[in-house]
Amino acid sequence: MQLSPLEIVRRESLQKLRDLGINPYPAEEFKTTTTIKEITSNFDAFEGKEVVLAGRMMSRRIMGKASFAELKDASGRMQIYLNRDEISSDDEATMYNTVFKKLLDMGDIIGIKGEVFKTKVGEVSVNVKELTVLSKSLKPLPVVKTDADGKVHDAFSDAEQRYRQRYVDLIVNDHVKETFIKRTKITTSMRNFFNERGYLEVETPILQPIPGGAAARPFKTHHNALDIPLYLRIANELYLKRLIVGGFDAVYEFAKDFRNEGMDRTHNPEFTVMELYVAYKDYNWMMNMTEELLEKIAIDSNGTTELTIGENQVSFKAPYARVPILEAIKIHTGFDVAGMDEVELREVCTKVGIEVDETMGVGKLIDELFGEKCEHHYIQPTFITDYPKEMSPLTKEHRTNPALTERFELMVNGKELANAYSELNDPIDQKERFEDQLKLSEKGDDEAMFIDQDFIRALEYGMPPTSGIGIGIDRLVMFMTNNASIQEVLFFPQMKPEKKAPAVELNDDEKAVFELLKKAEKIELPELKTQSGLSNKKWDKTIKGLTKHNLAKVNNTDEGLFVELI
RNA sequence: GACCUGGUAGCUCAGUUGGUAGAGCACCUCCCUUUUAAGGAGGUGGUCCUGGGUUCGAGCCCCAGCCAGGUCACCA
């Protein structure tokens, strides 16, 4: 890897520090006495007192024999003042003239000991008496400056770099850190809410032999010792219900789920869902609980129930409107589709301008009508209830209308935030619904729902009437932090790997093989050799050239010889 | 998967009709003891995403690809 001039300078500084007998990466504990936020929010108590702080130097203003710098620790930022004669002991003032002015850089991690004071212009600062190098930074940080009006200049804003190098994003963009702190506040608030009620937080398998509880394309992997395929879970619903069968009254889990589908600004291949199941409750109870929960989360994370989400003002103050889905369709399309069959529904869809095809059943058609014509109207939190049976294979039939189910989705800002049911606990009905699903999806797609026989067996032992809910945590955090993109609320959103360009001159054979390898990423050695069309001797020379340049690697595994990019 | 937009210095961005590669900040040298987007003087720094093509000549035009963002499609 070619070093930039800035990086070379820093490496030279690193060596010069060592030459002066200063370890740029010391091992010993550095004991701090307080944090920056403590000082800045409580100046009167700290004025004139000695403090020890550690953090990253974010900027420097050198003015001859005195300097100001900005120190950032986990709690915040503050100014420090360094005076040549106060931090240096020798005649040459090495600590100031050489170490601080020449060898330290923006981004270095330092420790300081000094006295809290206020400058002439009134900025709370620490007058440094002792400076300690704690870690030398070899790569320059982006320089982000904020002017007197609070306007940010040269913001580090390239989305690709921010996501790939989130550590840099967190260092220079303070608001990014705030988003993630708020994320933790939200999940903590939720945990507290459940724990106070005696609900049990549990963990269930992520590696599942049957990926159940939803319809989605799973990630597939293989267990060597058992020699069986395993899937990363697409939901944990069926496992939590097994625990209700087992006699727990209420269980919940913050679950990372995985779906092998498209990515966009609201979908990441791995995402977090909180699922909760409570025995002896129904979906009406669950709506009440959800209102209470969200009101509390809004207050715990934002201090208010009144939030701005994009262009909209949204109030999380309970209670929320409850609208049956067929009623919603009647309101927004003018058609009463209750009791309609497939043919009639298709007609309605065509009339309101929705494209339909023959594979769409009653459930899918109603879903389309709602999704296209209604969903976006529900900005304020609204429970959409009583979905048709075809759309809800895990939901109990509605107590007054056998065509419907006791299900609700919570819509906020025109998007689905939660999905909940009175859970289906009739094992025979459940088996039939699974079989119906299978028939529906037998038209040959890769999302065919597997029938989980063990789950049916569990239900046969008897599951109490139960209500369950799944809340999309990433989406909830997006709402509560007013972020339009899921990538902004995930520390490390999924990205395509960065491909390295060859850093050295390759000959034509090497280039050709490298191109093949770039396409394949990883390939069996004999296969690559065949593709290259090279003679034995040329092949040997070429692959050795590539491995020597650290571009490719040959791996000898149980499954054979593989070549992969480094 | 389709379409649109973008990729130029460490960061943020300009770059005219196709004619020697630019600015601010950062960095380096010097001056400066309460500054704060510190200031003043001088300077360094580039595979212009990659690979082809057109051309006397390509950052710019054409083709293919890579990566990202957006819109749509897909996603109970």
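Each chain gets a letter, A, B and so on, in the order its sequence line appears, and its residues count up from 1.
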**OP:** Can you check each nucleotide of nucleotides 31-36 of chain B against protein heavy atoms at under 4.0 Å and return B for base, S for sugar-phosphate only, - for none, in 5' to 3' order?
**Re:** -BBBBB

Subject >> Polar pair under 3.5 Å, donor/acceptor by atom type, side chain A/His153, base B/C25 >> reply: no

**OP:** Establish whether the base of B/G70 is bridged to the side chain of A/Asp264 by a donor-acceptor pair shorter than 3.5 Å.
**Re:** no

Subject >> Candidate list A/Arg162, A/Met478, A/Arg265, test side-chain contact (heavy atoms from CB on, under 4.5 Å), partner A/Glu488, passing option >> reply: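 Only match with A/Glu488 under side-chain contact (heavy atoms from CB on, under 4.5 Å): A/Arg162.
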
Is the distance from OP1 or OP2 of [N] to the nearest side-chain N or O of [X] less than 4.0 Å?
{"X": "A/Arg265", "N": "B/U71", "answer": "yes"}
{"X": "A/Gln161", "N": "B/C11", "answer": "yes"}
{"X": "A/Lys145", "N": "B/C25", "answer": "no"}

**OP:** If the plane angle is over 60° it's perpendicular, under 30° parallel, otherwise tilted; pick one for A/His332 and A/Tyr378.
**Re:** perpendicular

Original post:
Is the side chain of A/Arg259 donor-acceptor paired with the backbone N or O of A/Ala235 at a distance under 3.5 Å, no angle test?
Top reply: no

**OP:** Using modelled atom types only, decide if a donor and an acceptor are shared between the side chain of A/Asn268 and the backbone of A/Glu270 within a distance under 3.5 Å.
**Re:** yes

**OP:** Can you sort out the partners of A/Phe68 under ring pair (Phe, Tyr, Trp, His ring centres under 6.0 Å), two or more places apart, ordered by chain and number?
**Re:** A/Tyr81

Return the pairing partner of [N] with a 3.5 Å limit on both distances, Watson-Crick or G-U wobble; otherwise return none.
{"N": "B/G42", "value": "B/C28"}
{"N": "B/A2", "value": "B/U71"}
{"N": "B/G22", "value": "B/C13"}
{"N": "B/A64", "value": "B/U50"}

**OP:** Could you list the residues that satisfy salt bridge (charged side-chain N to carboxylate O under 4.0 Å, His left out) with A/Lys16, not counting sequence neighbours?
**Re:**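 Not a single residue meets the salt bridge (charged side-chain N to carboxylate O under 4.0 Å, His left out) criterion with A/Lys16.
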
Subject >> Closest listed nucleotide, where the reference is the side chain of A/Leu6 and the choices are B/C27, B/A68, B/C75 >> reply: B/C27

**OP:** Quote, to the nearest angstrom, the C1' distance that separates B/A58 from B/U54.
**Re:** 10 Å

**OP:** Would you kindly compare A/Pro142 and A/Asp367 by the position of their nearest RNA chain B nucleotide and give the one closer to the 5′ end?
**Re:** A/Pro142

